[in-house]
Protein chains: 2
Amino acid sequence: MNLKELARKLDLSPTTVSRALNGYPEVNEETRARVAAAARRYNYAPNSRAIRLATGKAMAIGHVIPIAARHEIVNPVFADFIAGAGETYSRSGYDMVLTVVPDMDEERVYRELKARGTVDGIILHAPRLQDARLALLTEIGFPFVVHGRVTEATLPYSWVDVNNRRAFLRATEFLLDLGHRRIGLINGLEFMDFAFRRRSGFEQALAARGLTPDPALMASDEMTETAGYRAASRMLGLAAPPTALLVSSMISAIGARRAIQDRGLTLGRDVSVIIHDDELSYLRNGEAVPIYTATRSSVREAGRLAAQMLLDIIADPASAPQQRLLEAELIIGQSTGPAPQA
Amino acid sequence: MNLKELARKLDLSPTTVSRALNGYPEVNEETRARVAAAARRYNYAPNSRAIRLATGKAMAIGHVIPIAARHEIVNPVFADFIAGAGETYSRSGYDMVLTVVPDMDEERVYRELKARGTVDGIILHAPRLQDARLALLTEIGFPFVVHGRVTEATLPYSWVDVNNRRAFLRATEFLLDLGHRRIGLINGLEFMDFAFRRRSGFEQALAARGLTPDPALMASDEMTETAGYRAASRMLGLAAPPTALLVSSMISAIGARRAIQDRGLTLGRDVSVIIHDDELSYLRNGEAVPIYTATRSSVREAGRLAAQMLLDIIADPASAPQQRLLEAELIIGQSTGPAPQA
DNA sequence: TTGAAAGCGGTACCAC
DNA sequence: GTGGTACCGCTTTCAA
């Protein structure tokens with residue numbers, strides 16, 4: 001059933017039917033009611049391909065995942081962000097198009113996405129400290145919002161980010177307050193902007209107490225279980241091992257825990273662990289546990305916001321750039337961390 | 001730049017330009033070369049909205065995630081499947097549309113997806129033991145492939161699945177061979193088809209040795225850290241606690257590990273753990289660890305296959321239904337499991 | 001308040 | 001081998 005057929009059944013013109021269905025004011029209310037009833041009766045739904053061609057809008061937003069960051073898609077942070085964005089889109093009648101691109105021809109993909117008009121705008125994931133995509137998208141005039149920030153950007157741009165620096169600053173301070181002096185940082189790849197910021201928060205907290213970060217107690221690698229295991233294992237094998245670990249992702253933290261176990265150490269006695277990007281709700285019930293920070297619900301909220309921001313910018317390009325910094329929902333449980341060694 | 005403009009520049013008709021670009025044989029090769037050059041020069045890319053309207057194809061596949069299974073999106077299994085499917089789509093010029101639907105109006109969503117022609121077909125995720133969506137999609141004639149199976153289906157349908165039953169059967173056998181007799185199963189919600197199959201494999205292995213499954217040693221809940229913690233904690237507190245745990249997801253396994261620790265037990269000495277849905281590559285390097293099973297790469301392959309299967313079915317509906325069962329890539333590490341108690 | 005008709009940017013059939 | 005033209009199913013002036 002399409003518009004023309006429906007109009008014929010009603011003995012009306014397609015124009016009027018279209019107007020009635022789309023809430024135009026000039027339609028006789030009685031007519032509108034008849035049309036609405038018929039539409040329901042015949043299960044009419046407007047063809048989205050036709051609407052898109054006629055209006056020149058794609059009614060879709062692209063989420064582009066560089067394949068280099070493919071493990072990224074498995075990252076709960078990414079998934080939560082997507083879930084949040086999806087809520088916004090479905091409320092606004094937009095589709096969410098997921099594109100996985102081999103990073104060799106990233107530029108071609110973005111250019112084509114624009115030229116073919118598949119999507120109206122883009123959410124950029126996994127930004128680097130400096131990221132060529134900003135300039136490209138700005139140049140071709142493609143609306144976009146970055147999930148995260150690009151520290152070394154030279155152009156204004158829109159972004160939504162969680163305050164990674166502060167989250168790690170506070171977590172580090174917390175450990176310092178407990179008396180820890182040798183804290184290991186197991187971080188993501190630090191050409192990624194978020195990882196860079198996390199380290200900066202970590203170092204800032206140490207510096208504020210007059211401490212110099214020990215390079216041996218800092219690791220930067222993919223946030224996989226393997227990498228977490230290796231990093232933790234190496235640090236714990238040092239002559240002066242860390243008494244606490246600050247881990248940048250839940251996945252690496254699994255590896256870190258395993259490393260602790262393999263060395264015959266006990267979490268919460270020999271080592272405290274802080275996990276970022278994690279949410280263990282049972283910890284909220286007041287059970288004795290190590291400390292941790294959580295951002296997962298913040299990230300979902302970031303997804304909702306970023307999507308809405310992009311829709312707003314598409315509706316009114318003059319409103320760009322917009323920025324929004326969310327505080328990480330930092331939750332610190334009751335600590336059973338070790339008495340720090342002298 | 002659109003087709004008409006490009007044609008004008010070349011002093012050719014839109015028809016010829018279209019044919020040249022789309023590889024029709026009747027075009028003069030010299031002409032084709034000229035057209036190709038101009039297209040590149042002017043950065044021409046055909047408008048996908050126009051193509052879609054003209055051809056009546058959406059060139060897009062929908063992946064629908066029931067919001068009830070929203071944590072599902074965070075599940076590595078889901079993400080890997082998506083990543084695999086994405087590879088297939090980008091090779092075939094298809095888009096992947098992710099739709100998160102509140103399960104209240106699931107039916108409406110599917111009907112509209114069909115009526116509006118947003119996508120050419122659907123991949124169905126998170127199927128239940130019996131799932132009304134099969135009948136609905138079949139009735140409205142919407143091509144689809146299920147990621148997983150629907151045990152109590154009454155209609156033929158297409159699916160791609162990983163052999164969950166066998167994976168859990170083998171894992172259980174492995175533990176039995178080690179001498180374990182009290183094995184705890186921490187499973188997902190068993191109205192979900194995959195979870196049902198996993199339990200069935202578990203029970204089948206026990207039955208083959210004349211053992212009766214102990215209800216106290218079986219848990220079925222969401223695959224969250226919280227649930228994993230609770231289930232493991234409960235089982236370990238029994239008068240006759242399990243000497244090994246078989247856990248259905250990496251996330252629940254984190255909780256299970258934490259429960260083991262909280263009770264002062266040691267993994268690999270007091271308790272063995274098997275994780276499904278997990279891939280710990282460092283375990284492959286021969287380090288002494290408990291046992292585990294892995295399906296993650298199988299799942300990515302499943303995603304590739306399911307996408308391809310759907311594209312084939314769309315191209316030739318007569319080829320449906322198609323089915324494909326993949327064996328889980330079962331990896332069993334060197335065990336450090338406990339000597340089972342008498 | 002309603003309708004006729006011209007697009008939107010391609011595809012594909014039919015002539016030449 | 002190339003071009004003319006009628007769609008695809010809507011939206012959106014412009015007239016009535």
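These numbers were taken from a predicted model, which means no experiment stands behind them. Note on naming: letters A, B, ... go to the chains in the order of the sequence lines (proteins, then strands), and numbering restarts at 1 for each one.
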Find the distance B/Ile51:CD1 to C/dT11:P and express it as a whole number of Å. 5 Å
Is there side-chain contact between B/Phe78 and B/Ile65, with at least one heavy-atom pair below 4.5 Å? yes
5' precedence on DNA chain C between A/Asp11 and A/Ala50 (nearest-nucleotide basis): A/Asp11
State whether the side chain of B/Ser158 and the backbone N or O of B/Gln322 hold a donor-acceptor pair below 3.5 Å, judged by distance alone. yes
Near-ring test B/His125/B/Phe81, centroid separation under 6.0 angstrom: yes
Please state how far atom CG in A/Leu10 lies from atom C1' in C/dG3, giving the value in whole angstrom units. 15 Å
Is there a donor N/O on one and an acceptor N/O on the other, under 3.5 Å, for the side chain of B/Arg52 and the base of C/dG9? no
Report the distance from atom CZ of B/Arg19 to atom C1' of D/dG3, rounded to the nearest whole Å. 8 Å
Once the angle between the rings of A/Tyr94 and A/Tyr89 is folded into 0 to 90°, is it parallel (under 30°), tilted (30 to 60°) or perpendicular (over 60°)? tilted
Side-chain N or O of A/Tyr44 versus OP1/OP2 of D/dC10: is the shortest distance under 4.0 Å? yes
Where the side chain of A/Thr16 is concerned, which of C/dT2, D/dT12, C/dG10 is the nearest nucleotide? C/dT2
Nearest to the A/Thr15 side chain among C/dA4, D/dC10, D/dC8, which nucleotide is it? C/dA4
Stems in DNA chain C, runs of 3 or more consecutive Watson-Crick or G-U wobble pairs with both distances under 3.5 Å, sorted by first number, are C:1-16 with D:1-16
Is there a donor in the side chain of B/Glu87 and an acceptor in the side chain of B/Ser90, or the other way round, less than 3.5 Å apart? no
Could you check A/Tyr42 against A/Leu6 for side-chain contact (heavy atoms from CB on, under 4.5 Å), going step by step and ending with a plain yes or no? CA-CA 8 Å; A/Tyr42 294 110; A/Leu6 184 62; 3.8 Å; yes
Please state how far atom CG in A/Leu21 lies from atom P in D/dG9, giving the value in whole angstrom units. 17 Å
Can you identify which nucleotide, out of C/dG9, C/dT11, C/dG3, has its nearest atom closest to the A/Leu12 side chain? C/dG3
Just by distance, do the side chain of B/Arg19 and the backbone of B/Val27 share a donor-acceptor pair under 3.5 Å? no
Can you tell me if A/Asp312 and A/Ser319 form a side-chain donor-acceptor pair at under 3.5 Å? no
Within residues 22-41 of chain B: residues closer than 4.0 Å to DNA chain D (heavy atoms): B/Glu26, B/Val27, B/Asn28, B/Thr31
First encountered from the 5' end of DNA chain D, between B/Thr55 and B/Pro14: B/Pro14
C/dG10 base to A/Arg49 side chain: any donor-acceptor pair below 3.5 Å? no
When rounded to whole Å, the NZ to P distance for the pair B/Lys4 and D/dG3 reads 15 Å
Expressed in angstrom and rounded to an integer, what is the separation of B/Leu53 atom CG from C/dG9 atom P? 12 Å
Are A/Ser13 and C/dG3 close enough that a side-chain N or O sits under 4.0 Å from OP1 or OP2? yes
In sequence, state the C-alpha distance, the side-chain angles, and the governing distance for A/Ser18 and A/Thr15, and then conclude on side chain to side chain donor-acceptor pair (under 3.5 Å). CA-CA 5 Å; A/Ser18 168; A/Thr15 313; over 6 Å; no
A/Val150 and A/Leu129: CA distance, side-chain angles, deciding distance, side-chain contact (heavy atoms from CB on, under 4.5 Å) verdict: CA-CA 5 Å; A/Val150 179; A/Leu129 230 57; over 6 Å; no
Nearest-angstrom distance from the residue atom CG of A/Leu3 to P of D/dT12: 13 Å
Quick one: A/Lys57 NZ to D/dT11 P, roughly how many Å, whole number? 11 Å
Please evaluate the base of C/dG10 for a donor-acceptor partner in the side chain of B/Ser18 within a cut-off of under 3.5 Å? no
